[in-house]
Amino acid sequence: MNPLTPQQLAETERRLTHDVTRRHFFGQCGVGLGALALTQMLGNDGYGRDIKVDPLHPMAPRPPQFPAKAKNVIYLFMAGGPSQLELFDDKPKLRELTGQTPPPSLLEGKRFAFLKGDEKLLGSQRKFDRIGQCGMTMSELLPHLRGVADEICWVKGMTTDVFNHAPAKIFMNTGFQAPGRASMGSWVTYGLGSESRDLPGFVVLQSGPRGPRGGATLWSSGFLPTSHQGVPFRNSGDAILNLRSPKGIAPAQEQGFYKSVSELNQARLDEVGDPEIMTRINAYEMAARMQTSAPELMDLARETPETLALYGVEPGKPSYAANCLLARRLIERGVRFVQLYHTDWDHHGDTKNNLSAALDDRCAETDRASAALVADLRQRGLWKDTLVIWGGEFGRTPMGENRMTIGRDHHVDAFTMWMAGGGAKPGVVYGETDELGFGVVENKVHVHDLHATILHLLGFDHEQLTYRFQGRHFRLTDVHGQVVKALVA
Amino acid sequence: MNRSALLSVLLGAASVLQARAAVPETVGFNEHIRPILSNTCFFCHGPDEKHRDGKRRLDLREEAIADHDGVRAIVPGDPDKSELMLRILSHDPDEQMPPPKSKRAALTADEIATFRKWIAQGAKYEGHWAFQPLNAAAPPVVKETAWPRNPIDQFILARLEREGMKHSPAADRATLIRRVSLDLTGLLPTPEEVAAFVDDPAPDAYDRLVTRLLGDPHYGERWGRHWLDQARYADSNGYSIDSERAMWPYRDWVIKAINEDMPFDRFTVEQLAGDLLPKPAKSQLIATAFHRNSLINEEGGVKPEQFRVEEAIDRLNTTAEVWLGLTVGCAQCHSHKFDPITHQEFYRMFAFFNQGEDVNSKGATLEVARGEVFGTGPTAEERNAEAALKRKADEAAWEKDQLAIQEAAEAQGESPDALAYALRTEPNKRNAEQARLVLEAFEKAVPKYSKAKKPAKKETDADVVDLMVMKDLAKKRDTFLFLRGDFLRPNQTLGPLQPGVLAAVAEPMQAQPAEFQNRLDLARWLVAPQNPLTSRVTMNRVWMRYFGRGIVETEDDFGSQGTPPTHPALLDWLAGEFMRQGWSMKAMHRIIVTSATYRQSSKARPDLAEKDARNLLLARQSRVRLEAEIIRDAALCASGLLNPEIGGPSVRPPQPEGVYSFTQNKKVWPDVTGPNRYRRGLYTMFFRSAPHPLFSTFDAPDFQQVCTRRGRSNTPLQALMMANDVAFFEFAQGIAVRASREAWQLLSPSFPEPRQAGDWRSQGASLPVRRAFLLANSRPPSAKEEAVLVRYFEAQVRAFAADPASAQAMLPNTMPADLEPVSTAALVGSARAILNSDSFITRE
């Protein structure tokens, strides 16, 4: 049997040696500069670059590796997989061949979640136009987004590897389809910390009839410290469960409470030297601040009637629009990464989920607010620093499904996403699909490439933003990914 | 004289001892050779073809011994003919291995001697450590012989001595009793128990404590909960509809089996295959609910076959993870990339679980009554028999009444109808038509007995519930390999597969069935004494609960991608001892918790911070944050509110509003009042789609699949829960009331004096605050901690005295008459601070 070798032992120790432990003892014993310098050296050993996180303040803002185009991210995740063929990728030829059997060469070796093999090609019944200077094709379903088409960086040649919802969502978020790795928001706060001292650095909002499939795995911090995990905010009642002090306790009273807890913990830390206690002290400080900052954040009535109208927000009524406005408010308050999930884009063609009424509804729920967010960020000067990302976990097939109503299956080989602001090149239409919209024929962007590009915009070399875990340097992009320079302003 | 004998002579008498220690009698490949090869040779002579560049491979035996133009790197049995020996002994820079340009250190004399001996002994290679038979090595000899209390300590200390590290002193007694109570029962000791133990001068004081705790029925709850994680036990069906199910009789079976110390082999067989045992007892059928804890999809339009297959696969994955510590799921679609688990083997194991009669929401159930599992109430059968008797009596009474009415009517001149004649006939002499007439009339008159009325779906807290249990089909289903894991693509060419197990695991096992038939064969194979994994995996997980980390840190991956054990010989000793002790869990718990290793202080040490910051070598104990349920249980203990009742239907203690904002449907959650409000955490109703926030905040899994290890996060959301959750605030109030009274009792034996007991304003806060702290932490506060709490108490007293209304908010709904409001309110605040301190939620 093979015991853990001294080398492995040393490596795991190094990996998890908290500075705080050192500080704790060096503070008392008066040694340690040499050892601290050692950690700094270990930060970059040629295989990757672990970020130096101060465990006392894991969310303290940190500079990126090189000058960044963007500082913050708002990721509008359209859960379920919106149909690019109804929204963005106009295919006249597909319309022409509607009802015909797809060429076998296209189907060879392909897998679909639900298609049984006898499905026919299905052209979109939606009306498309070329919009703006960029000439992006957009359907009638997105009248408001048309208004900002030239601000947007269009990625028409997206591909992914995974065709089931939860794994595909996990892949889009973490670069790996099985649970356990760190999500993009966690990587970004690991790399950059957060400007907000009163709110979590990574906030998740949800709208639509239910939570996204995959649940909390989607905003998990994986192997990264849990301080980097996404914190879900509810959009009605208290944003966070147990945010409010027990009934009848006034905020002034709470100061004494938090101070006493902190002092008790400090006393124990001095006694036993466990760095977890330091993390807990920080967690309580953040909790105390969240008690005042979160209600203020959630109070949309403070916005002007013009702004509310721009987004289509009715204060007090939870919606995607309200979440878009909240996302802007979160970014204004220094939160690093905001992810919005809007669910129910899974339009296979049954009574409730189809490319007719259901798609109309999803677009009506989201179109105005998505466009408003772009416009609002712009007018407030948040535009330059904030990268907006829009997209689902995959696209939908050029074949229709044989179900009750019009619908399409999950499709991994070609779909559309868009980015805006934060150094994403405006007015670019990047990527082209074949005449049936089946695959990408020009400028393919894989999920790993998108991740590499997003990290690039935030000032990171995706190969150098790493975390050493189980003897390996992990990355958001796994062992893949190319920065797509054409998408960078 | 052969060369190795010559070598020892040359090395000289002085170093013989050392040489003997360094060059083992029997050279093991994994233990002695692989580390040298791996560190020195594999870079150029290993599996990576990029670096190998056409050179000889030394990681594969057939390559190493192959003849290449008359040169053989290794000639088994003949070191002198082995090129490898010549090269490592050579001083010629062009020949010598490792070559000078590799900048790798030349092998030491000991290493060279080890190689020589290994080749002389036949140059045997070994596979992955976890698949090898248990190493029966005796515990090592240590220098500091006074420290070890049992073999565990010898293994731990030997390694520490080798690394030049010192173990820690024993934890103080107060810490120790809190630690071992939380670990064995999940409950806090009472202040009286703490005092008795701290003051107990007897040398066996700790042993008696352990004996008491192992005999405590709450032990079964604590260790049952660990097992229930692995069983993915929950109270709902899962997926998006997620309605309630009554699996709690299975939970109670687990608690009972663990309390009775059912040997682990029997525990295994009954859960995996109790239904296949000859003439199974009812409890053995209840045990098989283990594998009915899988999910059920109740959505409209689902394909039952798809979910039947999914659940059968979940049962396989769960079994492999729980007993073998292997992630076999990868082999669902293709042969495993790293571990010896082939695509076909996966489906051979799947064949065991492919015979289940249950299909998604339909399957075998068993009626179980409340109290039946523990034998504290009648069985479902007895209840049914009783109900049948009751019906018979009711029927007889009704017939008697009817006859009386009939006779009265006839006296009035009415002529008797067919029913009247039937009623007049003795029940056992009635013909079929008469019997039918009477029955119909009776059921019409007493509708609750009507057969026509469809029985309502049983509530999950009914007196008798339907427990889902395993049952195999009478006629076997064929099992095919699914191409790419797709159940719609069975491999017909290959044909139906026989059930089977993993060859790599089975290899070291001599005795095993020639042919596997069903789950019972599988279960028996898992607990066969030669199975190299089950006992190791199980003991590693037990160890993990006590030290915060397994000897194999990746306790869920004993495959080649997992981390190797820190103390391989200790792991094997524990695994062997487990079987020598007749698979007794209690025996192993006793050995571990009575070891000196376990009893060490968990305080960090400056010398270890650099050398072993993660505490892998256990030169001290670890501080471990409590699990979600145990945080609740500990607070219940401290407050004195705990309802210690064991088992029964799950309950709904208060939870904050908004839990169901993002689920498909809202769950019914009326907060319980009365004693069920204060049950232990493991009895809280668990909905998979939206668990009670205590669980999701403190890292409990959602039980969608097997969970063998919980995370331990440390977040602001936990702070908000501890500070503001209605349940924890209620517990703080409980602590304040209790501490106030108990402290007064200590102060004044003539307690209670009306309206005085709870008034601490004139007495000073020290006493009640110390008491509250002791209730929660099982130790008195340090001077610093006490100063913080007293200051806070006094500040609150001032504030509440100035604003009595604000004191009201702190007080329990029903304020005891013997307590004074202002100081009680202040004490609630102090207790809340104590519950929120890191010490409280940590096993130190």
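Note on naming: letters A, B, ... go to the chains in the order of the sequence lines (proteins, then strands), and numbering restarts at 1 for each one.
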Is chain A contacted by the side chain of [X], its backbone, both, or neither, given a heavy-atom distance below 4.5 Å?
| X | answer |
| --- | --- |
| Phe793(B) | neither |
| Ala795(B) | neither |
| Ala723(B) | both |
| Glu785(B) | both |
| Leu811(B) | neither |
| Glu844(B) | side chain |

- Message: Does Asp486(B) form a salt bridge (charged side-chain N to carboxylate O under 4.0 Å, His left out) with Arg484(B)? I'd like the steps, not just the answer.
- Response: CA-CA 5 Å; Asp486(B) 183 350; Arg484(B) 284 198 192 142; over 6 Å; no
Residue, of [options], that accumulates the most heavy atom pairs under 4.5 Å with chain B:
| options | result |
| --- | --- |
| Arg280(A), Glu263(A), Gln266(A), Glu254(A) | Arg280(A) |
| Val231(A), Ile240(A), Val261(A) | Val261(A) |
| Ala283(A), Gly248(A), Pro200(A), Ser262(A) | Ala283(A) |

- Message: Does Arg536(B) qualify as a cation-pi partner of Phe558(B), given the criterion of NZ or CZ under 6.0 Å from the six-membered ring centre and within 45 degrees of its axis?
- Response: no
Would you say that [X] contacts [Y] through its side chain, given a criterion of any heavy-atom pair below 4.5 Å between the two side chains?
| X | Y | answer |
| --- | --- | --- |
| Leu218(A) | Ile170(A) | yes |
| Met722(B) | Phe840(B) | yes |
| Leu717(B) | Met290(A) | yes |
| Leu241(A) | Leu720(B) | no |

- Minimum-distance pair of heavy atoms, taken over all atoms of Ala826(B) and Val797(B): CB-CG2, 3.6 Å
- What's the shortest heavy-atom distance between Met404(A) and Thr351(A), and which atoms? SD-CG2, 4.1 Å
- Portion of Gln291(A) that has a non-hydrogen atom of chain B nearer than 4.5 angstrom: side chain
- Pick from Pro716(B), Ala799(B), Ala809(B) with the largest number of heavy-atom pairs that fall under 4.5 Å of chain A: Pro716(B)
